[in-house]
Every structure is written in structure tokens, then in C-alpha cells.
Protein chains: 2
Amino acid sequence: MGMETSIEGSRREATGTQCIQRSFAIVRLLAGGDCDGEKLVDIAGSLKLSHPTAHRILKALEQEGIVERASGTQRYRLAAETAWLGVAPFNRCPITRLAVPTLEDLAQKTGDSIFLSVPSHNDSVYADRRFGNFPLQAQRIKVGARRPLGVSIGGRVMLGFMGEERLANTMRQNAERFADWHCSDATVLAGVEAARAQGYLSEDSLIDPGRHVLAVPVRDVVGRAVGAISIIAPTARLKGERASRLLPLLRAGARDVAQALGRQRMSA
Amino acid sequence: MGMETSIEGSRREATGTQCIQRSFAIVRLLAGGDCDGEKLVDIAGSLKLSHPTAHRILKALEQEGIVERASGTQRYRLAAETAWLGVAPFNRCPITRLAVPTLEDLAQKTGDSIFLSVPSHNDSVYADRRFGNFPLQAQRIKVGARRPLGVSIGGRVMLGFMGEERLANTMRQNAERFADWHCSDATVLAGVEAARAQGYLSEDSLIDPGRHVLAVPVRDVVGRAVGAISIIAPTARLKGERASRLLPLLRAGARDVAQALGRQRMSA
DNA sequence: ACGCGATTTTCCGCGATGTGGAAGATTTTT
DNA sequence: AAAAATCTTCCACATCGCGGAAAATCGCGT
């Protein structure tokens with residue numbers, strides 16, 4: 001476990017439905033967990049819910065088929081069937097399907113870890129990943145894992161190309177959550193600016209000291225970011241001359257994915 | 001709109017959380033809708049919710065980024081970001097990704113409409129579809145659309161290979177909903193039996209008179225159905241000699257997908 | 001295998017939270 | 001432009017969800 005995904009993240013005029021907020025906070029929390037699942041106490045702890053409350057909601061989610069118990073244990077994880085709730089929107093923008101060959105190609109050519117991130121509400125999500133042959137790979141970052149949008153390098157790159165309004169909204173709504181990830185407003189904004197200026201972002205990994213990240217945006221026809229491709233490798237492998245050799249590769253990959261997406265739009 | 005997805009479908013000892021049931025009933029309802037979205041009245045009507053209640057829940061879902069308004073209009077549909085809630089479970093069983101080549105191949109070879117269905121809780125979901133070149137295609141069936149498991153032909157085939165226990169559970173929990181789709185317990189069970197006996201099922205389409213359906217299961221290593229591939233075409237095109245020529249094609253397709261899934265498991 | 005601490009689950013009275021009728025905006029149709 | 005339909009806000013009520021406490025269960029260590 002670990003990640004503090006406080007439920008207060010989206011500070012709203014509480015009018016509405018408390019338990020819907022709580023339910024989806026749980027769903028989002030589980031969305032990032034690995035398939036071993038999370039313990040009730042941890043879920044309750046992270047979201048600052050009482051144990052009975054967390055239990056009751058999880059039970060309801062289980063009845064709805066959204067959540068299941070990892071076989072044997074009584075740990076909770078997202079049910080396989082949750083995947084199918086999103087098929088319709090997914091098919092409207094099947095970026096992960098279209099990106100597969102590109103990601104594999106990049107992983108093979110660079111030998112390092114390649115990630116595809118997508119924006120999701122106020123989070124960035126790792127939508128897919130491929131590993132290369134180099135011994136040290138970023139295994140710790142799971143597909144489905146979420147960060148407040150702006151925390152991960154890929155997230156900052158995306159924020160840079162999602163419009164002023166959304167940038168402002170996200171910064172406001174994620175303000176409190178950034179602290180949990182040891183990064184400030186200023187750091188995030190600096191990254192966003194750099195991404196806008198250069199068209200990419202290169203920074204040390206926050207969660208994984210000794211690793212470096214290089215990220216480029218995937219932009220749709222209008223220029224809006226719909227994702228980001230990033231490469232993660234030991235710092236030594238991503239500095240200086242090699243970095244400048246890798247950058248065009250990443251950019252070409254991002255362009256390919258964008259084009260595949262554009263073609264898709266036509267036929268749908 | 002149309003489909004009556006009564007919230008009472010899963011008659012439960014109501015203790016728990018009413019509004020979670022309602023929220024996900026709405027999400028499931030929208031999951032099947034096309035990208036034009038659904039009107040508030042229709043949503044409220046289908047689920048027998050008061051307008052203010054439906055409105056309040058939808059507003060909450062919108063704040064959570066689960067639901068959005070179709071551009072311009074004020075109709076509700078699932079937000080693109082919903083797709084990313086399910087990426088982790090999806091990557092545990094990426095059947096739709098792996099099935100793409102097979103579906104395309106089948107559509108191209110047969111010229112008709114090919115569908116991939118997956119089981120999701122008490123529903124079957126159309127997870128993907130491909131059209132062939134023949135003029136009449138099953139355009140009305142949208143990707144993401146849901147039926148009570150057992151209503152669609154693909155659903156019956158899957159039910160046949162999901163174990164006695166699940167079959168019994170599903171039959172019990174879907175009993176009331178079958179009526180909405182003009183099919184009885186007996187019809188469903190007959191189909192299930194036939195599917196078990198033959199390894200496939202061939203029946204007239206219920207929702208689309210004049211069309212016929214031929215479906216085969218996609219089974220995992222243990223033999224459990226994880227999906228179904230079906231072909232839909234005007235009845236004349238799916239009878240007699242042509243049907244027996246198509247069946248092996250479908251079966252081969254299902255086997256290919258199953259094998260791809262098996263290979264996937266290894267590497268994960 | 002046994003026992004003890006940690007975790008999950010049930011119970012239940014309180015009250016905050018969600019509810020739906022009715023009325024007021026807004027959009028769409030005629 | 002008027003009318004109909006739909007969407008949204010308001011508000012008083014009571015239902016539904018809340019969380020403290022206790023019971024049942026799990027699982028870890030010896």
C-alpha cells in the first residue's frame with residue numbers, strides 16, 4: 001500500500017452525494033494497486049474512512065461486481081469486469097491499443113522502460129508499459145497506477161498541452177495532494193513551462209532516486225495532449241549525448257501514435 | 001433510449017448503500033449508450049428514479065469525472081476517462097486487444113458483422129465489433145452495450161461454460177430482467193444446453209428480426225468461457241451450407257484468441 | 001498445533017445525508 | 001413568439017448512511 005490519496009482531494013461544496021465521492025475514491029485507489037489487492041484497514045486509512053464505512057462501501061461495490069477479493073485472501077482489488085464498463089469510451093479513443101507497436105518498438109530499440117500515460121480527471125494514469133533488455137527496469141510502476149496530474153513527469157508534459165483553463169483547474173484541485181508526493185506547485189509549474197518551451201521534459205524521477213525520466217506529449221489533431229510517452233532509465237543512461245539521441249526516437253513514436261489516432265477518428 | 005435496465009434487477013437485502021447501487025446502475029446504463037449521450041428524463045425513467053435524484057447523482061458523477069455532457073447538448077455519456085479506471089484489470093485479461101486481428105480477419109473473410117462479447121457481472125457486454133463488406137451490417141449493436149447475461153446468443157454460449165454455480169446464480173439474479181427482453185428462462189436454458197452439447201449456438205436474433213446469429217465461446221486454459229465470438233448476418237446468409245462452412249472459421253478464431261490469451265498469461 | 005494480536009464483520013442508535021414534491025430556469029419544439 | 005418539454009434549484013422530512021463499540025474471524029509467530 002502506501003499512496004495517500006486523500007478523499008479531500010477534490011474539495012467541493014459538499015452538497016451532493018458523499019458516498020459517491022467515497023466510492024469512486026476507493027475505486028481510484030484500487031485502480032492503481034497491484035493484483036494482490038489492498039487490505040481494508042489500508043483503504044480506510046488512506047481515505048480517512050472509518051472501518052465500518054469502508055467495509056460497507058466495499059461490500060456494496062462487491063455486490064455491483066466492481067470489486068472482488070483476491071483469490072484466497074480477503075484483500076480487495078478491482079474486478080476484471082470493471083474493464084468492460086469503459087469499453088465504449090475506450091473505443092472512442094483507443095490510444096493504448098494503437099500505441100502497442102510503438103511502445104514495443106521503443107522498448108526494444110532503447111532497452112529501457114517505456115510508459116504510456118493518459119490524463120484521467122485530476123490524475124495521470126500509467127496506461128501501458130513495455131520493458132527493454134537492460135537489467136534495471138522500472139518494475140515498481142504498475143499499469144493502472146495513478147498520480148495527481150502534475151506529479152509525474154509525463155503528467156507535467158500533458159498539463160502543458162491541455163489548455164490554460166484545465167491547467168488552472170487542475171493546479172487548484174490538486175494543490176493539497178502535491179504535498180503527499182513531495183513536490184510543490186512551483187516545481188510542477190516549472191516543469192509545465194519547460195515542457196511547453198521544449199516540447200519535452202527531462203527530469204530526475206521523484207519516486208525512484210537514481211532514475212531519470214524523459215517524456216514527450218502525444219497530441220491530437222487540435223494539439224491537445226491525450227497522453228504522454230516516457231522513458232525511464234538509470235540517470236547515467238539518460239544524460240548528455242544519449243539523451244539527445246533518444247529524444248527524436250520518442251518524438252517519432254509520439255507522432256506515430258498521434259497519427260494512428262487521427263486515422264481512427266476518420267473511420268469511426 | 002429504450003432498454004429497461006430496472007435497478008431492481010439485483011434484488012438484494014437493501015441494507016448497504018442505495019446510492020452506490022443507483023450510481024452504478026446509471027454508469028452501466030450509459031456504458032451501452034452511443035456517444036450522443038442520454039437525456040436525464042430517459043435515465044431517470046429507465047431506472048425509476050425521480051428527476052432530482054437522477055440529476056444529483058449525475059452531477060456527482062460529473063464532478064468525479066465519470067460522466068460528461070456530450071459537447072453542445074446537455075446529454076450525459078460516460079467520460080473518456082472512465083476507460084482508464086479499468087486499465088489494470090484490462091491488462092490482466094486484454095482479450096479485446098488480442099482479439100483485434102482475429103475479428104478483422106473474420107469480418108474480412110465472411111463479409112458479415114463480427115462481435116466479441118465478454119461476461120461482466122450479470123451482463124454480457126459487446127466488447128468489440130468489426131464489419132465486413134456485405135451491405136447489411138448490424139450497426140445497431142454498439143460496442144459497450146449490455147444485455148442481461150443469457151439474453152444475447154453470445155451470452156448463452158458463455159453461460160454454458162462458466163460453471164454450474166455461476167449459471168444458477170445468474171439465472172436467479174437475471175430472472176426478472178429476462179422479461180424485458182422478451183425471452184424466458186426456458187429459452188435461455190435451452191440455448192445454454194445446446195451450446196454445451198454442440199460447442200456453438202445458432203439462433204435467430206431477438207432484437208433484430210431477419211438476422212441470424214452464430215456464436216462460439218472463447219475459453220481459457222481451464223475451459224471457462226472468458227468471451228464469445230459471434231457472427232450476425234441476414235438469416236438467408238447463415239443457414240445450411242454456408243453456416244457449416246463458417247463454423248470452423250469461427251472456431252479457429254476463438255482458438256487463436258484463446259491461445260493469444262494463454263501466451264499473455266505467461267509473460268505477466 | 002495453539003494462542004494472541006490484528007483485522008474483518010456485525011450491531012445499533014443518532015443525525016447528517018440523500019430524498020422527491022413542487023416551483024423556477026432553461027432549452028427545444030410547434 | 002408561445003407552448004411544451006426538459007433541466008435545475010429549493011427545502012422540509014425521514015431515510016439511509018454513519019461510526020463507536022463489540023463480536024467473530026483471520027493469520028502470524030512460537
Side-chain angles (χ1 to χ4, degrees), chain A residues 1-2 6-8 10-27 29-30 33-34 36-64 66-79, chain B residues 1-2 6-8 10-27 29-30 33-34 36-64 66-79:
Chain A
M1 252 293 317
S6 169
I7 198 171
E8 306 298 341
S10 44
R11 261 249 159 278
R12 303 236 129 252
E13 54 270 30
T15 182
T17 35
Q18 184 186 56
C19 74
I20 294 183
Q21 284 183 33
R22 290 173 167 186
S23 304
F24 282 96
I26 289 182
V27 169
L29 179 67
L30 293 180
D34 50 24
D36 298 338
E38 311 279 359
K39 292 197 296 184
L40 175 64
V41 268
D42 294 331
I43 297 170
S46 295
L47 270 40
K48 313 214 178 101
L49 299 173
S50 72
H51 295 190
T53 297
H55 180 255
R56 180 164 21 80
I57 295 178
L58 281 163
K59 209 162 111 190
L61 290 176
E62 197 177 5
Q63 281 178 3
E64 294 297 318
I66 302 303
V67 144
E68 68 187 8
R69 324 292 284 254
S71 56
T73 55
Q74 60 230 32
R75 300 173 153 222
Y76 294 95
R77 69 175 180 198
L78 281 197
Chain B
M1 252 288 324
S6 168
I7 199 172
E8 306 298 341
S10 45
R11 258 255 158 275
R12 305 235 130 252
E13 52 270 31
T15 181
T17 35
Q18 184 186 57
C19 74
I20 294 184
Q21 284 183 31
R22 290 175 166 183
S23 304
F24 282 97
I26 290 182
V27 169
L29 179 67
L30 292 179
D34 52 23
D36 298 337
E38 310 279 358
K39 293 198 295 184
L40 175 65
V41 269
D42 293 331
I43 298 171
S46 295
L47 299 167
K48 313 211 177 106
L49 298 173
S50 71
H51 295 190
T53 298
H55 180 256
R56 180 165 22 80
I57 296 178
L58 281 164
K59 208 162 112 190
L61 291 175
E62 197 177 6
Q63 281 177 4
E64 293 297 319
I66 302 302
V67 144
E68 68 187 8
R69 321 294 281 255
S71 56
T73 54
Q74 60 230 31
R75 299 172 153 222
Y76 293 95
R77 68 175 180 198
L78 281 196

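On a predicted model such as this, the values are computed, not experimentally measured, just so you know. Protein chains get the first letters and strands the later ones, always in sequence-line order, with residue 1 at the start of each.
Within the 4.0 Å cut-off from OP1 or OP2 of D/dC26, not a single side-chain nitrogen or oxygen of A/Arg69 is found. For the pair B/Lys59 and D/dT9, the criterion of a side-chain N or O lying under 4.0 Å from OP1 or OP2 is met. When the side-chain nitrogen and oxygen atoms of A/His55 are compared with OP1 and OP2 of C/dT8, none of them lie within a distance under 4.0 Å.
Closest non-hydrogen pair, B/Ile57 versus B/Arg22, comes out as CD1-CB, 3.7 Å. A pairwise comparison of heavy atoms in B/His51 and B/Ala44 identifies CD2-CB, 3.8 Å as the closest pair. The two residues A/Leu61 and A/Ser23 have their closest heavy-atom pair at CD1-O, 4.2 Å.
Atom CD in A/Gln21 sits roughly 15 Å away from atom C1' in D/dG17 (whole-Å rounding). Between the C1' atom of D/dC7 and the NZ atom of B/Lys39 lies a distance of 11 Å, rounded to the nearest Å. Going from atom OH of B/Tyr76 over to atom P of D/dC7 covers 8 Å, rounded to whole Å. B/Leu40 has its CG atom 15 Å from the C1' atom of C/dT28, to the nearest Å. The separation between B/Glu38 atom CD and D/dT6 atom C1' is 15 Å, rounded to whole Å. Rounded to whole Å, atom C1' of C/dG24 lies 16 Å from atom NE2 of B/His51.
None of A/Lys59, A/Arg69, A/Glu38 except one satisfies the side-chain hydrogen bond (donor to acceptor under 3.5 Å, both in side chains) rule with A/Tyr76; the exception is A/Arg69.
A/Thr17 OG1 to A/Phe24 CZ: the interatomic distance, rounded to the nearest 0.5 Å, is 9.5 Å. Expressed to the nearest 0.5 Å, how far CD of B/Glu64 lies from CD of A/Gln21 amounts to 5.5 Å. Distance check, rounded to the nearest 0.5 Å: CG of A/Leu47 to CD1 of A/Ile26 gives 6.0 Å. Rounding to the nearest 0.5 angstrom, the gap separating the CG atom in B/Leu49 from the NE2 atom in B/His55 is 13.5 Å.
The 5' end of DNA chain C is approached more closely, in terms of each residue's nearest nucleotide, by A/Arg75 than by the other of B/Gln74 and A/Arg75.
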task: Would you give a per-nucleotide map of nucleotides 18-24 of chain D, 5' to 3', where B means the base has a protein non-hydrogen atom under 4.0 Å away, S means only the sugar-phosphate does, and - means neither?
output: BBBB---
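Over its full length, the helix from C/dA1-D/dT30 to C/dA23-D/dT8 turns its helical axis through 60°, comparing axes from the five pairs at each end and rounding to 10°.
Here B/Ser50 pairs with B/Thr53 under the side chain to side chain donor-acceptor pair (under 3.5 Å) rule; sequence neighbours left out.
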